[in-house]
Number of protein chains: 2
Amino acid sequence: MDRNIAAKFIDYQVSCKDCCMANVCLPLGLSAVELDQLMKIIDRQSPMSRGEHLFQIGEPHKSLYAVRSGSIKVYIPTEGGEEQVHRFILPGELLGFDAIEGGKHTCAAVALETTSVCAFPYHRLEKLCHTFQGLDHELHRLFGKEIANEHDLLQLLAKKSAEARLASFLLDLSNRLKKRGFSEREFNLTMSRHDISNHLGLAVETVSRLFARFQNEGLLTVRRRHIQLQNMPEIKELFVNVSPTTSKRRIAPANRKGNIGGSYRLRKVKAAQV
Amino acid sequence: MDRNIAAKFIDYQVSCKDCCMANVCLPLGLSAVELDQLMKIIDRQSPMSRGEHLFQIGEPHKSLYAVRSGSIKVYIPTEGGEEQVHRFILPGELLGFDAIEGGKHTCAAVALETTSVCAFPYHRLEKLCHTFQGLDHELHRLFGKEIANEHDLLQLLAKKSAEARLASFLLDLSNRLKKRGFSEREFNLTMSRHDISNHLGLAVETVSRLFARFQNEGLLTVRRRHIQLQNMPEIKELFVNVSPTTSKRRIAPANRKGNIGGSYRLRKVKAAQV
DNA sequence: CGGGACCTTGAGGCTCGTCAAAGCTGGTGG
DNA sequence: CCACCAGCTTTGACGAGCCTCAAGGTCCCG
């Protein structure tokens with residue numbers, strides 16, 4: 001696997017066109033000429049190892065980054081040495097938007113495993129924007145997506161039960177991996193339970209127990225960090241149905257089809273409510 | 001009061017300089033000339049009445065808005081007809097940043113009371129930015145503040161107990177009102193308990209109970225929507241100390257001074273934990 | 001093989017949401 | 001002016017959901 005990454009890395013030195021992420025990383029609808037230009041400003045950095053920081057909070061903002069391989073945790077350190085895990089960045093995704101406006105990073109980013117990124121120096125990107133309308137527009141679109149992301153997380157934390165949070169987390173990962181050409185049903189988590197629980201505003205133990213429960217219910221198989229989603233429709237229902245606060249209307253009665261494995265304490269109670 | 005607002009409104013037709021919010025609304029450090037230019041592009045809209053929308057989600061983005069008087073609720077409607085209350089805008093504050101990137105509003109904004117706003121048509125603002133470097137910079141700063149705001153809210157929802165959330169909410173309001181020249185200790189809430197609880201990710205009843213408890217403890221006086229903060233240092237401690245998830249370290253033992261009114265169930269338990 | 005980081009599991013109980021009912025307040029109409 | 005109603009707010013009882021504490025597994029690495 002490591003060797004594989006190394007091999008790819010050499011490719012990237014040559015051209016974005018050969019990058020397996022090319023079609024998802026910056027799906028700009030740019031012309032060949034424009035892509036060439038963009039390629040030229042890219043600063044390919046040497047791979048980071050686990051625990052290494054891409055940037056720290058407060059650092060001046062120099063680049064947007066695209067993850068080629070590996071994964072990154074974006075978080076905000078808080079007063080007491082704690083942290084708030086903000087999001088996880090997968091291959092083919094971008095980060096660094098957090099500082100565009102203020103000129104300084106408002107988050108920190110750390111590699112969760114051996115990770116390589118492309119850097120787009122921001123001042124050069126800006127110049128390119130003046131030349132290519134398309135690029136400008138695309139960046140704005142991406143920025144908007146960042147904000148939408150934050151809003152979803154807010155929604156999740158304000159309104160959703162623990163099980164809905166975890167379900168949502170898994171589905172989101174699955175979706176994003178699928179878009180990048182990985183399997184949507186089977187993947188490895190690169191982040192610890194601690195990171196997950198922090199991200200979702202839960203206790204580690206709760207996350208652990210939920211994984212166990214989901215597995216008992218036949219929704220997925222989990223062994224340490226290896227996940228296989230077995231019943232995605234059912235997982236989706238978990239996400240949609242449950243909103244403890246602002247309850248009221250709990251979606252139509254609609255017979256939950258299948259309810260495999262069933263017969264788990266909390267689950268039974270919940271079924272009764274529907 | 002209404003008459004008062006009407007009187008002010010006429011003033012605004014004339015000049016920003018006479019606006020009591022002038023020094024807080026856009027503290028740009030602009031020259032007199034620049035301010036004049038800015039003034040010229042302002043579109044003063046007729047006052048909105050309670051429940052009227054400034055913009056709806058999905059609408060094209062036309063302006064940034066500054067609230068002159070009254071207050072506004074910014075929220076995101078969700079599938080089931082629910083909503084997620086995002087923030088409240090007070091006099092002298094701006095809104096409309098949510099759509100700059102995407103061109104469409106990602107939130108809705110509704111007046112909580114009779115409210116008047118100034119609109120800065122965005123296309124004209126952009127032109128001005130090209131002329132005045134300062135304005136450009138200032139907008140970026142404001143944008144950065146918006147994001148920081150979101151992050152704080154995330155932190156609050158992910159990590160803080162109900163009492164810390166309400167304390168934080170009140171302190172934040174108090175701070176902002178102070179900046180705008182209002183009393184920091186005594187004010188009226190223009191939003192319903194429902195809005196507050198939604199914003200904080202709590203049940204209405206919990207908010208109600210917390211108000212009652214805070215009052216019993218001598219932290220504040222509350223009667224319907226009228227608030228007087230009596231013991232701000234103590235309220236600040238509530239905000240800082242308590243973080244249920246990711247608990248650990250619960251700040252030093254330090255004898256909580258005074259604990260007026262004391263002897264309330266939850267409070268006693270908490271004291272025992274310290 | 002020992003130590004440490006990470007993960008799981010169990011027991012117990014606090015917080016906060018849910019449900020139900022009653023109190024207030026402002027508006028409307030008689 | 002009062003009666004009445006609708007919407008907001010408060011209060012109480014109850015227990016579900018999740019956190020805390022504690023201990024034991026599992027994996028990795030030197």
Side-chain angles (χ1 to χ4, degrees), chain A residues 49-51 112-113 157-166 188-198 200-216 222-227 238 242-250 264-273, chain B residues 49-51 82 112-113 157-166 188-198 200-216 222-227 238 242-250 264-274:
Chain A
S49 51
R50 183 182 141 84
L112 288 170
E113 57 188 320
L157 293 176
K159 300 265 161 56
K160 300 289 186 174
S161 70
E163 75 176 16
R165 294 184 202 190
L166 186 58
N188 279 298
L189 301 173
T190 57
M191 65 295 286
S192 69
R193 297 282 190 274
H194 181 84
D195 287 337
I196 298 175
S197 66
N198 181 309
L200 299 175
L202 300 170
V204 189
E205 296 93 329
T206 302
V207 170
S208 188
R209 267 186 266 268
L210 282 173
F211 270 129
R213 212 175 87 214
F214 286 176
Q215 178 159 256
N216 277 339
V222 52
R223 158 117 187 123
R224 301 288 277 190
R225 299 195 175 182
H226 185 80
I227 304 280
L238 279 190
V242 191
S243 55
T245 310
T246 324
S247 71
K248 293 153 195 169
R249 160 239 61 158
R250 202 161 273 240
Y264 215 66
R265 189 167 62 90
L266 296 173
R267 219 45 195 302
K268 270 207 272 190
V269 173
K270 202 142 281 153
Q273 291 179 345
Chain B
S49 51
R50 183 182 140 84
E82 296 171 33
L112 289 170
E113 58 189 319
L157 294 176
K159 300 265 160 61
K160 300 289 187 174
S161 70
E163 75 177 16
R165 293 183 202 189
L166 186 59
N188 279 298
L189 302 172
T190 57
M191 66 296 287
S192 69
R193 296 284 190 275
H194 181 84
D195 287 337
I196 297 175
S197 65
N198 182 309
L200 299 176
L202 301 170
V204 188
E205 294 93 330
T206 301
V207 170
S208 189
R209 268 186 266 269
L210 282 173
F211 270 128
R213 212 176 87 212
F214 286 176
Q215 179 158 254
N216 277 341
V222 51
R223 159 116 187 120
R224 301 289 277 188
R225 299 196 176 181
H226 185 81
I227 305 280
L238 280 190
V242 191
S243 55
T245 309
T246 324
S247 72
K248 296 152 196 171
R249 159 237 61 158
R250 200 161 273 237
Y264 217 66
R265 189 168 61 89
L266 295 174
R267 219 43 196 301
K268 270 208 274 193
V269 173
K270 201 145 282 153
Q273 290 180 345
V274 174

### Query
Would you say D:dG25 has OP1 or OP2 under 4.0 Å from some side-chain N or O of A:R224?
no

### Message
Is there a side-chain contact between A:R193 and the phosphate of C:dT8, meaning an N or O under 4.0 Å from OP1 or OP2?
### Response
yes

### Heavy-atom neighbours of A:R50 CZ exceed 12 at 6.0 Å
no

Minimum heavy-atom distance between [X] and [Y], given as atom pair plus value:
X      : Y      : result
B:L200 : B:R165 : O-NH1, 2.8 Å
A:H226 : A:N188 : ND1-OD1, 3.2 Å
A:Q215 : A:V222 : OE1-N, 2.8 Å
A:M191 : A:I196 : CG-CG1, 3.5 Å

Value in whole Å for how far the [atom2] atom of [N] lies from [atom1] of [X]:
X      : N      : atom1 : atom2 : answer
B:N198 : D:dT9  : CG    : P     : 13 Å
A:L112 : C:dA5  : CG    : P     : 18 Å
B:L200 : C:dC16 : CG    : P     : 12 Å
A:K159 : D:dG17 : NZ    : C1'   : 19 Å
B:L166 : C:dT15 : CG    : P     : 16 Å
A:R225 : C:dA5  : CZ    : P     : 14 Å
A:L189 : C:dC6  : CG    : P     : 15 Å
A:Q215 : C:dC7  : CD    : C1'   : 13 Å

### Message
Main chain of A:R193, side chain of A:S197: is a donor-acceptor contact present, judged purely on distance under 3.5 Å?
### Response
yes

Under 3.5 Å, which N/O atoms of the protein pair with N/O atoms of nucleotides 9-13 of chain C?
| residue | atom | partner | partner atom | Å |
| --- | --- | --- | --- | --- |
| C:dG10 | N7 | A:R209 | NH1 | 2.7 |
| C:dG10 | O6 | A:R209 | NH2 | 3.4 |

